[in-house]
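Remarks on the structure that follows.
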Amino acid sequence: MRPELLIDTDPGIDDALAILMAHANANVAGLAIAGGNVGLAHTTRNALKLVETIGAETPVFPGCASPLVVAAPDAGFVHGADGFGDTGYFNASRLPEEEHAANAIVRLARERPGELTLVALAPLTNLALAVRLDPTLPSRVARLVVMGGAVTGRGNTHHVAAEFNIGFDPEAAHVVFSAWPAFDLVDWEACLRHTFDFDWFEATLAGGDARARFYDAISRKTRAFNRMRGRPGVVAADALAMAVALDPGIVSEAETRHVAVEMTGALTRGATVVDWEGRLGATPNARIVVAVDQGRFEALVAGALGAAR
Ligand code: RIB
Ligand code: CA
């Protein structure tokens with residue numbers, strides 16, 4: 001049985017790899033689009049182009065352009081000003097749906113109760129709105145997998161303890177983490193433990209099909225950025241979260257704890273605060289993914305690019 005996914009995303013280079021993985025291994029009910037890595041117009045345009053490149057009919061639902069409360073800087077310096085490596089690609093001929101992403105999430109979960117795995121690869125603004133529109137939403141999705149956070153404070157933004165998706169909209173993350181009694185959390189630190197060897201990734205792209213050629217073009221800037229930052233390898237955060245969504249058995253180590261979001265700290269706004277010792281007595285809400293089977297992760301990525309692992 002192929003998993004049934006509903007993906008919230010801000011494409012975004014690593015989002016694109018995750019979306020390729022999803023279409024290679026699952027049925028995708030829709031792409032809910034948020035502003036985040038770059039503005040909503042770009043993330044929507046990128047999602048449409050990617051779906052067209054894949055040859056899929058997946059509906060694309062534009063959602064929230066900005067965080068719930070406080071504006072935040074995007075990550076165009078990582079992904080390119082257009083979010084897809086500034087390659088100047090021709091727009092897809094397809095148009096986005098009229099329905100807002102938050103409404104689409106609510107509707108699809110009501111139409112398909114207990115079926116959908118919700119995969120959150122963006123700031124959580126759309127999900128926060130959706131769960132405010134329909135407080136029963138958590139009970140209607142089979143599973144929520146979130147790419148976000150930095151569970152011991154090693155973030156990737158200028159609020160150094162904050163990871164981008166949470167740091168871009170901490171209020172939305174607080175709403176979602178408070179509303180969902182249980183979700184899987186794939187944080188930035190796990191992504192740094194599960195990078196791809198640079199040469200392996202280049203060889204995988206070279207050995208792939210049209211999907212690999214498209215991904216090679218849009219990701220060139222980000223791959224160079226990764227190397228320049230002295231990272232241990234290619235970091236593909238959303239791809240790791242997608243691997244956990246597609247293959248739950250890939251998780252080799254996890255810790256279930258209560259995770260909250262700091263919203264006011266001058267230095268710590270956007271930090272994910274984990275009650276490791278259970279001192280606060282709050283019911284654990286997050287299964288923190290600590291480690292996955294790297295071979296299975298790489299096989300999913302290679303397969304999504306049309307290459308052998
Ligand atoms: O911190 C990594 C996350 O922020 C990924 O989802 C990436 O696409 C950006 O949105
Ligand atoms: Ca993303």
Side-chain angles (χ1 to χ4, degrees), residues 4-24 26-68 71-72 74-76 79-112 116-134 137 141 147 165 168-169 172 210-211 214-215 217-219 238 242 245 304:
E4 301 288 337
L5 304 183
L6 177 55
I7 304 168
D8 192 68
T9 179
D10 59 336
I13 298 302
D14 58 328
D15 302 73
L17 187 53
I19 293 166
L20 289 173
M21 292 164 68
H23 283 85
N27 299 322
V28 183
L31 298 181
I33 310 300
N37 281 320
V38 289
L40 181 66
H42 282 308
T43 54
T44 300
R45 180 172 165 267
N46 293 341
L48 289 165
K49 182 65 178 179
L50 186 60
V51 167
E52 181 176 86
T53 302
I54 297 168
E57 295 301 319
T58 308
V60 171
F61 302 96
C64 295
S66 57
L68 293 182
D74 70 20
H79 299 265
D82 73 350
F84 260 17
D86 300 322
T87 60
Y89 67 72
F90 289 109
N91 284 343
S93 53
R94 280 209 22 221
L95 295 175
E97 305 300 312
E98 291 294 318
E99 187 178 22
H100 189 283
N103 291 326
I105 291 166
V106 168
R107 173 179 58 80
L108 288 165
R110 282 186 173 269
E111 288 173 356
R112 305 174 61 180
L116 298 173
T117 292
L118 196 44
V119 191
L121 306 176
L124 293 168
T125 319
N126 290 332
L127 264 65
L129 282 190
V131 77
R132 283 290 187 262
L133 285 168
D134 180 1
L137 178 62
V141 298
M147 190 282 131
N165 285 337
F168 190 84
D169 195 343
R211 293 169 291 179
F214 180 80
Y215 194 80
I218 67 169
S219 65
D238 292 336
M242 184 56 70

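As the structure is a computational prediction, the values presented were derived from the model and not from experiment.
- Nearest heavy-atom pair, Asn126 versus Cys64, reported as atom, atom and distance to 0.1 Å: OD1-N, 2.8 Å.
- The side chain to side chain donor-acceptor pair (under 3.5 Å) check on Thr58 picks up His23, with sequence neighbours excluded.
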field: Steps toward side chain to side chain contact (heavy atoms under 4.5 Å, CB included) verdict (Phe84, Arg45)
entry: CA-CA 10 Å; Phe84 260 17; Arg45 180 172 165 267; over 6 Å; no
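- Taken from CD in Glu4 to CG in Leu116, the straight-line distance is 7.0 Å, to the nearest 0.5 Å.
- Partners of Asp15 by side chain to side chain donor-acceptor pair (under 3.5 Å), not counting sequence neighbours, listed by chain and number: Thr9, Asn37.
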- request: Please test Asp74 against Asp10 for side chain to side chain contact (heavy atoms under 4.5 Å, CB included), starting from the C-alpha separation and ending with a verdict.
  value: CA-CA 11 Å; Asp74 70 20; Asp10 59 336; over 6 Å; no
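- A 4.5 Å side-chain heavy-atom check between Thr125 and Asp8 finds every atom pair outside the cut-off.
- The two residues Ala18 and Leu121 come nearest to each other via the heavy atoms CB-CD1, 3.7 Å.
- Side-chain contact between Leu40 and Ile33 is present, with at least one heavy-atom pair separated by less than 4.5 Å.
- The closest side-chain heavy-atom distance from Tyr215 to Ile13 is below 4.5 Å.
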- prompt: Yes or no on side chain to side chain contact (heavy atoms under 4.5 Å, CB included) for Phe214 and Ile54, after CA distance, side-chain angles and deciding distance?
  reply: CA-CA 10 Å; Phe214 180 80; Ile54 297 168; over 6 Å; no
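- The side chain to side chain donor-acceptor pair (under 3.5 Å) search around His100 returns none, not counting sequence neighbours.
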- request: Before giving the answer on side chain to side chain contact (heavy atoms under 4.5 Å, CB included), spell out for Met147 and Val119 the whole-Å C-alpha distance, their side-chain angles and the decisive distance to 0.1 Å.
  value: CA-CA 8 Å; Met147 190 282 131; Val119 191; over 6 Å; no
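- Put simply, the side chain of Asp238 does not reach to within 4.5 Å of the side chain of Met242, judged on heavy atoms.
- When all heavy atoms of Ala47 and Val60 are compared, the closest pair comes out as CB-CG1, 4.0 Å.
- Put simply, CG on Leu5 and CG on Leu31 are 10.0 Å apart, with the number rounded to the nearest 0.5 Å.
- Contact annotation: the side chain of Ile19 approaches that of Pro11 to within less than 4.5 Å [non-hydrogen atoms, C-beta and beyond].
- Of all heavy-atom pairs spanning Leu137 and Ala130, the tightest one is CD2-CB, 3.7 Å.
- Ala56 approaches Arg94 most closely through the heavy-atom pair O-NH1, 3.6 Å.
- Annotation: side chain of Asn91 is not in contact with side chain of Leu48 (no heavy-atom distance under 4.5 Å).
- Proximity of Leu68 to Leu129: side-chain heavy atoms (C-beta onward) are separated by under 4.5 Å at one or more points.
- Judged by distance alone, with hydrogens and angles left aside, the side-chain atoms of Thr43 form a donor-acceptor pair with the main-chain N or O of Ala34 at under 3.5 Å.
- Among residues two or more places apart in sequence or in another chain, the salt bridge (Lys or Arg N to Asp or Glu O under 4.0 Å) test is passed with Arg107 by Glu99, Glu111.
- At least one donor-acceptor pair closer than 3.5 Å links the side chain of Asp86 to the backbone N or O of Ala81.
- Here Arg132 pairs with nothing under the salt bridge (Lys or Arg N to Asp or Glu O under 4.0 Å) rule; sequence neighbours left out.
- For the pair Ile7 and Ala22, the tightest heavy-atom approach, listed with the atom from each and the gap, is CD1-CB, 3.6 Å.
- When the salt bridge (Lys or Arg N to Asp or Glu O under 4.0 Å) test is applied to Asp82, no partner is found at least two apart in sequence or on another chain.
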